[in-house]
Amino acid sequence: MNAGAVNIMTQWIRPQLRALSAYHVPDVGHLIKLDAMENPYTWPAPMVDEWLNVLRTVSLNRYPDPHARDLKARLRSTLQVPPGMDIMLGNGSDELIQIIAMAVAAPGRTVLSPEPSFSMYRMIAAFVGLEFVGVPLDAKDYGLDMPAMREAIARHRPAVVFLSYPNNPTGNLFDEQQVRELIDISPGLVVVDEAYNAFADSTFMPYLTQYDNLLVLRTLSKMGLAGLRIGVLTGSPVWLNELDKIRLPYNISVLTQASTEFALRHYDILEAQAAKLRDHREQLLAALRALKGITVYPSRANFILFRVPSGRAAHIFESIKAQGVLIKSMHGASALLADCLRVTVSTPEENQAFLQALEKAL
Ligand code: PMP
């Protein structure tokens, strides 16, 4: 390596950043991909043709509408955003998490989240120089440990509390009354991250008008548009007007705006795919529960967390991979996830391939 560059770099890149490792995305090759909560379904051929015709009309020589007005209007009705509440778009919902963190970042301030949860909350806090407090979930059922949450909120007075609802990687929905209590007692923002809303049947969106410190975060990634990168933050214009100052003006490209608008006109197809995946989830849960030696956790998302016999997670993960199926090993990510693996719910055929590989591995 270039010793001179290393020398200068270490003087200037913050030590906190150098200590981090980049978000790991594995090489997939020809594996069946059940590691990233993607929707396995594509669009029917006539719909693809229609979409390509829409793209023909897009002016690539012009900057996108910085406010994505048409797209936001459609999202407002599709997602049933309450009247008086606003929408802000991100290049994926992780960009919106980053914008929220940047907006509150100041020395001595804290971001809080139960853990294990979505790893980017912790990482993004580190990127922008915020302290991060992770409050362990209840080891028994991955529910909120309310005494610990109350104590941590009172002690750290977090600028932002992130709650993944359902929670990634455990799959459960936190208790609604408990989440409402956390919103009540939090001195700063509470962001309810509903990335898996399409599979959950429960939302805090209607509560936006009741709480001054609540924002609800959505994404279209889990509904079949992961490649487009569209995240949606909803809440009071009092908050969003400030956050919008940090958003780079053209963060949603013309291709993304046109494609998302098009996809939303066919939202019934995306919803039908999500409904199918919810059914497949129930079948996969039942099949996993029938296997000896593993503990399966309930899921309200499009993935399932399960625990394998002690000390065997690495071997089972690798064996499943060698049989052509990529899932995600959560072992080592947190003490509460020892021996745990996570699988994305997919088509019956891919789920079956996974089940066979798992059975063989066990
Ligand atoms: N929130 C949660 C809870 C997630 O699990 C993910 C993706 N794994 C995201 C946000 C980010 O999704 P995206 O950036 O694709 O919108």
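Order of listing sets the numbers, starting from 1, for every ligand and every atom in it. Note that the structure is predicted; figures quoted are calculated from it, not measured.
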### Query
Under 3.5 Å, is there a donor-acceptor pair linking the side chains of Tyr121 and Asp193?
yes
### Task
Considering only NZ, NE, NH1 and NH2 on the basic side and carboxylate oxygens on the acidic side, decide whether Glu131 and Arg109 come within less than 4.0 Å.
no
Using a cut-off of under 3.5 Å, which N/O atoms of ligand 1 pair up with protein N/O atoms, and what distance separates each pair?
residue, atom, partner, partner atom, Å
ligand 1, 1 (N), Asp193, OD1, 3.3
ligand 1, 1 (N), Asp193, OD2, 2.6
ligand 1, 5 (O), Asn168, ND2, 2.8
ligand 1, 5 (O), Tyr196, OH, 2.6
ligand 1, 8 (N), Lys222, NZ, 3.2
ligand 1, 12 (O), Ser93, OG, 3.2
ligand 1, 14 (O), Ser93, N, 3.2
ligand 1, 14 (O), Asp94, N, 3.1
ligand 1, 14 (O), Asp94, OD1, 3.0
ligand 1, 14 (O), Asp94, OD2, 3.3
ligand 1, 14 (O), Arg229, NH2, 2.8
ligand 1, 15 (O), Ser221, OG, 2.6
ligand 1, 15 (O), Arg229, NH1, 2.7
ligand 1, 16 (O), Ser93, N, 2.7
ligand 1, 16 (O), Ser93, OG, 2.7
ligand 1, 16 (O), Thr219, OG1, 2.6
ligand 1, 16 (O), Ser221, OG, 3.4

### Message
Here's one to test your reading of the geometry: is the NZ or CZ of Lys222 within 45 degrees of the ring axis of Phe199 and under 6.0 Å from its centre?
### Response
no
### Message
Under a 4.0 Å threshold between the charged nitrogen and the carboxylate oxygen, would Arg155 count as salt-bridged to Glu151?
### Response
yes
### Query
With a 4.5 Å limit on heavy-atom distance, are the side chains of Phe204 and Glu176 in contact?
yes
### Query
Is any side-chain heavy atom of Asp145 less than 4.5 Å from a side-chain heavy atom of Leu137?
no
